[in-house]
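Heads up: the structure comes next, in structure tokens.
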Amino acid sequence: MAAAARFFVRGARSKLPISGVVPGPRSSFAAALLKLSPGSSSRTQRRHAAHFTFQADPEPTQYGPTTKMNMFQSVTSALDHTLASDPTAVIFGEDVAFGGVFRCTVGLRDKYGKDRVFNTPLCEQGIVGFGIGAAVAGATAIAEIQFADYIYPAFDQIVNEAAKYRYRSGNLFDCGSLTIRAPWGCVGHGSLYHSQSPEAFFAHCPGIKVVIPRSPVQAKGLLLSCIADQNPCIFFEPKILYRAAVEQVPVESYTIPLSQAEVLQEGSDVTLVAWGTQIHVLREVANMAQEKLGVSCELIDLQTILPWDVETVCKHSANNEYLCSSFSLQEQCFLNLEAPISRVCGYDTPFPHIFEPFYIPDKWKCFDAIKKMINY
Amino acid sequence: MLTNFSNVLRVCAQRNGAAAVVSARTYADFTTQATFEIKKCDIHKLDEAPATQVVMTRDEGLKYYRVMQTIRRMELKADQLYKQKIIRGFCHLYDGQEACAVGIEAGINLTDHLITAYRAHGYTYTRGGTVKEIMAELTGRRGGIAKGKGGSMHMYTKNFYGGNGIVGAQVPLGAGVALACQYQGNNELSVSLYGDGAANQGQIFETYNMAALWKLPAIFICENNRYGMGTSVERSAASTDYYKRGDYIPGLRVDGMDVLCVREATKFAADHCRSGKGPMLMELQTYRYHGHSMSDPGVSYRTREEIQEVRGKSDPISLLKDRMLSNNMASVEELKEIDVSVRKEIEDAAQFATTDPEPPLEELCNHIFYNDADLEVRGTNPWTTLKSVS
């Protein structure tokens, strides 16, 4: 599914009068759609824009001088620092040598040599298995899976081998220096096999970490953290942001801590939790909710999906039924909530080809969910 | 004398605006069939190779020419429509490899089964799809062969199982179809295609083992177009003898640019399978003119000179055309007429594909499962549900 967003209505006192919002009966999809886009069924519509606008964070000042970079450049920068500082670091995957299909590894082979940046044949299971072995033997292995949609042949290696290595060997061995990178998420025309967001499949697997950045600054810092982290990490990079997201990114090496959610915007009524591209959708939704409904929204970027920052989310919201992990936050926060937690995500269908614009949880659907929730 | 007479008739027909129908022409001036010498196939774990002296009739030649030209023009039209953003998503073009699709189909029956990866437009056509349906599927319209829900990579028709996006995943499927043929005893076989990149996927080897163990009527065909996306075969494979990779499975290496070579090898393999001897592996040495997909210019990992050289020396359509002309099996004008008629067919199909409406929104959730009663599908939030009908 596309990046899910979770909404909670906080606080026992939501004293804002919501006028003009009629809690209507459950409308059928077609009717709702007709309200939003009247002409959609009558003639062929050409999509002219993405479903979100990237919103850059303010330039960070604590990491030294910055320069303008887009997301793939920030990834290249992180990998460059890694190869420079860690002589055991190697990068491999399909087509990484010439720079990669998304240009994340441009220039690295020329700079560091063909024994450190090399192509693998077309075999995901082999790539990850090989990466686990290299990491166990002491190399910092950075494996690239060309699209997150192709990660499934490697699922067994990740879940049964990488995640359990330290545990089953009683800490004698580990593959902590393995990082797997993969382009992730919808891109507008990816259809079934170039658009998937498979983090949910890994979110219940103890032993690995799953991280998804929302911007170039986050990408570089989080990737460097993943590489440094002594646990096998999966780093999903929102491919739609590779070029679209441009920010002032620190040139030096820096890390952003894992398992720490970031509160991007404080609010008092509704808490929105998301990751990756969806953060930018929700930023807009938060504005819309404030303007049109007078609802004050809080926005949290989870960043690390597994293990996720329970404390921050719990503290800033009422409860969360997210991720059937070892404990359900719902237990803790149930009484503080005014409405059930709302999950807004893609439909329960395979990621469609022609129907993509209607499938993704765009700002209208999120806004609609907020409206329904506050009228619960 | 007869030649002059038929020429006059033809000119008259053209002047009157009537499309010259080939079958109404006199055949007296053309050879009805000829024998051709084709390249010998390399063999692996076999005692004999397919024949090198093959017969092709005039009708067969014209048919192969027409089908290959249709595929070629269809792919070029798809290229054009993609650049106009009428086709979106991914589009992997097959031009240059036409002899493979046409030759394979000539060696098997329509009742046999075939499955391939994503470079599938040519096979969709040879397996019975129409150009209209294929182009409408590319543009994602309701007239498409998969109702507009699959797109370029997911086209299906009777006895053609697609159209598969995940590299290598289609080969075990093909073996399963072969098992079904064996089980049902219907003397049919299954052809599973994959590329030189996919040849390194683990599941291919798992499939070889099962097919050989159970003697399945399966033909595995590796379309080696020398590049797995941007990686050349030398840089991705420890052994580039893809026809030997089946190890205990007999193999053939075939010139994939010659439609007759492909046909003979396929017939040879089909006979082998149908006689119960088990699977066979074929490597077709072929070439694609376009890049891997429409987002790949195709020249960052190979030179333009190389592409031009193949186009000049080994183009499958030119090879067939030269053969037919030099053996007096057809005339230049006749082949030109076929070209014109193919072009028109493609234009009409493109027109249809551009104007046909998109599938209705209700289709979004249909056919997820097979269900007797309509299923309710969760929408983007808990309050919206959609209906799934199968």
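Within every chain, numbering begins at 1; the chains are lettered A, B, ... in the order of the sequence lines, protein sequences first and strands thereafter.
- Inter-residue side-chain proximity for A:Gln196 and A:Trp184 is flagged as unmet; no heavy-atom pair is nearer than 4.5 Å.
- Judged purely by atom type and a 3.5 angstrom limit, B:Ser388 has no side-chain atom pairing as donor or acceptor with the backbone of B:Glu376.
- Listed in order of number, the residues of residues 114-130 of chain A that approach chain B to under 4.5 Å between heavy atoms are A:Asn119, A:Pro121, A:Leu122, A:Cys123, A:Glu124.
- A donor-acceptor contact shorter than 3.5 Å is absent between the side chain of A:Ser195 and the backbone of A:Gly185.
- Residue-level contacts of residues 150-159 of chain A with chain B, in order of numbering, are A:Tyr150; threshold 4.5 Å between heavy atoms.
- Most heavy-atom pairs under 4.5 Å with chain A, from the set B:Ala199, B:Ala237, B:Gly150, B:Gly148: that is B:Gly150.
- The closest side-chain heavy-atom distance from B:Glu223 to B:Tyr94 is below 4.5 Å.
- Scanning for salt bridge (charged side-chain N to carboxylate O under 4.0 Å, His left out) contacts around B:Lys77 gives B:Glu347, with sequence neighbours left out.
- Interface summary for chain A: among B:Gln201, B:Met153, B:His367, B:Met229, the most heavy-atom pairs under 4.5 angstrom belong to B:Gln201.
- Using a 4.5 Å cut-off between heavy atoms, A:Phe98 makes no contact with chain B at all.
- Without hydrogens or angle criteria, A:Gln278 side chain to A:Pro361 main chain gives a donor-acceptor distance under 3.5 Å.
- Among residues 294-305 of chain B, no residue has any heavy atom closer than 4.5 Å to a heavy atom of chain A.
- Contacts of A:Val187 with chain B are absent, with no heavy-atom separation under 4.5 Å from either backbone or side chain.
- Side chain of B:Thr139 to main chain of B:Met135: a donor-acceptor pair is present (N/O by atom type, distance under 3.5 Å, no hydrogens or angles).
- Below 30°, between 30° and 60°, or above 60°: for A:Phe102 and A:Phe147 the angle between ring planes is above 60°, a perpendicular geometry.
- Side chains of B:Glu306 and B:Arg226 form a contact here, defined as non-hydrogen atoms less than 4.5 Å apart.
- A donor-acceptor pair under 3.5 Å is absent between the side-chain atoms of A:Glu94 and the main chain of A:Gln146, judged by distance alone.
- Only the backbone of B:Ala198 comes within less than 4.5 Å of a heavy atom in chain A; its side chain stays farther off.
- The closest side-chain heavy-atom distance from B:Thr124 to B:Phe160 is below 4.5 Å.
- The aromatic ring centres of B:Phe220 and B:Tyr194 sit 6.0 Å or more apart.
- Electrostatic pairing of B:Glu363 and B:Lys149 counts as a salt bridge here, judged by a charged N lying under 4.0 Å from a carboxylate O.
- Ranked by non-hydrogen atom pairs under 4.5 Å with chain A, the options B:Gly202, B:Ser236, B:Gly197, B:Gly165 are led by B:Gly197.
- The pair B:Asp241-B:Arg253 counts as a salt bridge, with a side-chain nitrogen and a carboxylate oxygen less than 4.0 angstrom apart.
- Pairing each heavy atom of B:Tyr156 with each of B:Asn164, the nearest pair is OH-OD1, 4.2 Å.
- Per-residue heavy-atom pair counts under 4.5 Å with chain A were compared for B:Arg235, B:Gln203, B:His154, and the maximum is reached by B:His154.
- Defined by atom type and a distance below 3.5 Å, a donor-acceptor pair is missing between the side-chain atoms of A:His194 and A:Asp149.
- B:Pro360 touches chain A through its backbone: at least one of N, CA, C or O sits under 4.5 Å from a heavy atom, while the side chain does not.
- Between B:His292 and B:Tyr118, the distance from one ring center to the other falls under 6.0 angstrom.
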